[in-house]
Amino acid sequence: MYEGSAPEIAPATRILAVVRLALIALVAAAIAATFIETSSRETVNPLNFFGYFTMQGNILMVFALLEAALRSLAGREPTRGWTLLRACAVSYMAVIGVVYNTLLIGQAGGATVPWANTVLHVIFPLYAVLDWVLCADRKVIAWRRLWVALIYPAVWTAVVLARGATDGWVPYPFLDPANGYGTVALYCVGIMIVFILAALGSFAATRIPSLRTLRR
């Protein structure tokens with residue numbers, strides 16, 4: 001390769017980037033379809049529509065995965081900062097998948113378009129976790145950074161509880177103050193434990209061999 005020429009990109013890397021970009025486009029379409037369907041029935045309040053952790057987690061994962069795809073196509077190594085951000089996003093997606101499929105499945109609210117609901121709560125969370133575990137474009141993350149992954153869900157929970165106590169809007173029924181603050185507090189503690197476990201798993205995954213490493 002001549003000096004100054006672009007780095008050679010392996011075919012597998014290109015395929016992975018295309019798959020990532022396709023998933024990103026699918027998620028964008030799912031969010032757009034949900035917004036359009038909701039706006040056809042009512043006036044959409046952006047604070048409510050994007051107030052769901054599902055929406056915020058999926059959007060954060062989209063940006064993290066987009067950066068990973070573009071960086072790999074450019075032949076650049078991942079940075080520790082972006083790896084940490086992606087690890088956080090992956091842990092949030094894992095929680096979204098677990099919480100939806102245990103506490104929320106079959107309940108009203110959230111993504112009302114069936115295929116979009118499946119994309120946001122099942123397909124993308126599952127893909128995000130598998131991509132993180134199986135692909136090698138990530139750095140090892142120090143355990144002392146674990147607290148970073150808990151900042152966002154803690155702030156989100158505080159905002160939601162404040163809104164529930166003031167304007168009455170809550171994104172998920174288990175956070176409704178009408179259930180009693182003791183019950184809500186128990187749910188918050190339980191879900192925070194799930195966040196901690198998801199972050200631990202996300203950080204631990206950076207220490208296991210990836211498929212790409214095993215094939216060298």
Side-chain angles (χ1 to χ4, degrees), residues 1-32 50 52-98 116 119-153 155-156 195-216:
M1 184 171 63
Y2 294 104
E3 184 179 353
S5 62
E8 183 178 353
I9 308 300
T13 299
R14 294 183 186 276
I15 293 172
L16 177 60
V18 170
V19 171
R20 287 171 169 174
L21 294 174
L23 264 293
I24 288 170
L26 182 61
V27 172
I31 294 175
F50 292 105
Y52 288 87
F53 195 86
T54 293
M55 288 296 181
Q56 296 180 19
N58 273 267
I59 291 171
L60 180 61
M61 190 70 239
V62 159
F63 280 108
L65 201 61
L66 177 61
E67 191 278 339
L70 296 179
R71 183 177 291 273
S72 65
L73 287 175
R76 294 182 291 141
E77 289 292 318
T79 64
R80 295 195 183 277
W82 275 103
T83 299
L84 177 58
L85 173 64
R86 190 168 152 216
C88 294
V90 168
S91 66
Y92 304 157
M93 294 301 289
V95 173
I96 287 170
V98 170
V119 169
L120 299 176
H121 291 107
V122 180
I123 295 176
F124 200 43
L126 182 60
Y127 176 81
V129 172
L130 290 177
D131 185 291
W132 179 250
V133 172
L134 299 179
C135 300
D137 55 340
R138 46 176 165 70
K139 300 285 188 181
V140 174
I141 307 175
W143 292 113
R144 66 177 181 276
R145 302 294 184 192
L146 188 68
W147 63 274
V148 176
L150 305 179
I151 295 176
Y152 190 80
V155 171
W156 179 87
F195 272 113
I196 294 172
L197 293 175
L200 285 170
S202 180
F203 280 44
T206 65
R207 291 163 168 79
I208 64 176
S210 66
L211 285 183
R212 191 184 305 176
T213 299
L214 294 174
R215 289 176 180 172
R216 285 177 182 173

Can you tell me if Gln56 and Tyr152 form a side-chain donor-acceptor pair at under 3.5 Å?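 Yes, side-chain donor-acceptor contact under 3.5 Å.
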
side-chain hydrogen bond (donor to acceptor under 3.5 Å, both in side chains) partners of Arg80, counting only residues at least two apart: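 side-chain hydrogen bond (donor to acceptor under 3.5 Å, both in side chains) list for Arg80, sorted by chain: empty.
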
Can you tell me how far [atom2] of [Y] sits from [atom1] of [X], rounded to the nearest 0.5 angstrom?
X	Y	atom1	atom2	answer
Ile24	Asn58	CD1	CG	11.5 Å
Tyr127	Leu134	OH	CG	9.5 Å
His121	Thr54	NE2	OG1	3.0 Å
Phe124	Ile31	CZ	CD1	9.0 Å
Leu84	Phe203	CG	CZ	5.0 Å
Leu85	Phe63	CG	CZ	10.5 Å

Surrounding [atom1] of [X] (heavy atoms of other residues, nucleotides or ligands, distance under 6.0 Å), is the total greater than 12?
X	atom1	answer
Trp147	CH2	no
Arg144	CZ	no
Arg145	CZ	no

Please tell me if the side chains of [X] and [Y] come closer than 4.5 Å, counting only heavy atoms from C-beta onward.
X	Y	answer
Arg20	Leu66	no
Thr83	Thr79	no
Leu23	Val119	no

Any donor and acceptor pair, going by atom type alone, linking the side chain of [X] with main-chain N or O of [Y] inside 3.5 Å?
X	Y	value
Arg86	Ala68	no
Thr13	Ser72	no
Ser202	Ala198	no

Grab the two heavy atoms, one from [X] and one from [Y], that are nearest each other, plus how far apart they are.
X	Y	answer
Ala89	Met61	CB-SD, 3.6 Å
Ala149	Ser91	CB-OG, 4.5 Å
Ala64	Trp82	CA-CZ3, 4.4 Å
Pro153	Tyr92	CD-OH, 3.5 Å
Leu120	Met55	CD1-CE, 4.1 Å

Using a strict 4.0 Å threshold on nitrogen-to-oxygen distance, state whether Arg76 and Asp137 make a salt bridge.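 So Arg76 does not pair with Asp137 through a salt bridge.
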
Less than 4.0 angstrom from a charged side-chain N to a carboxylate O is my criterion; do Arg138 and Asp131 meet it?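 Between Asp131 and Arg138 there is no salt bridge, as every charged N stays at least 4.0 Å from the carboxylate O atoms.
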
With ring pair (Phe, Tyr, Trp, His ring centres under 6.0 Å) as the test, pick out the partner of Trp156 among Tyr52, Phe50, Phe53.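 When Tyr52, Phe50, Phe53 are each tested with Trp156, the ring pair (Phe, Tyr, Trp, His ring centres under 6.0 Å) holds only for Phe53.
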
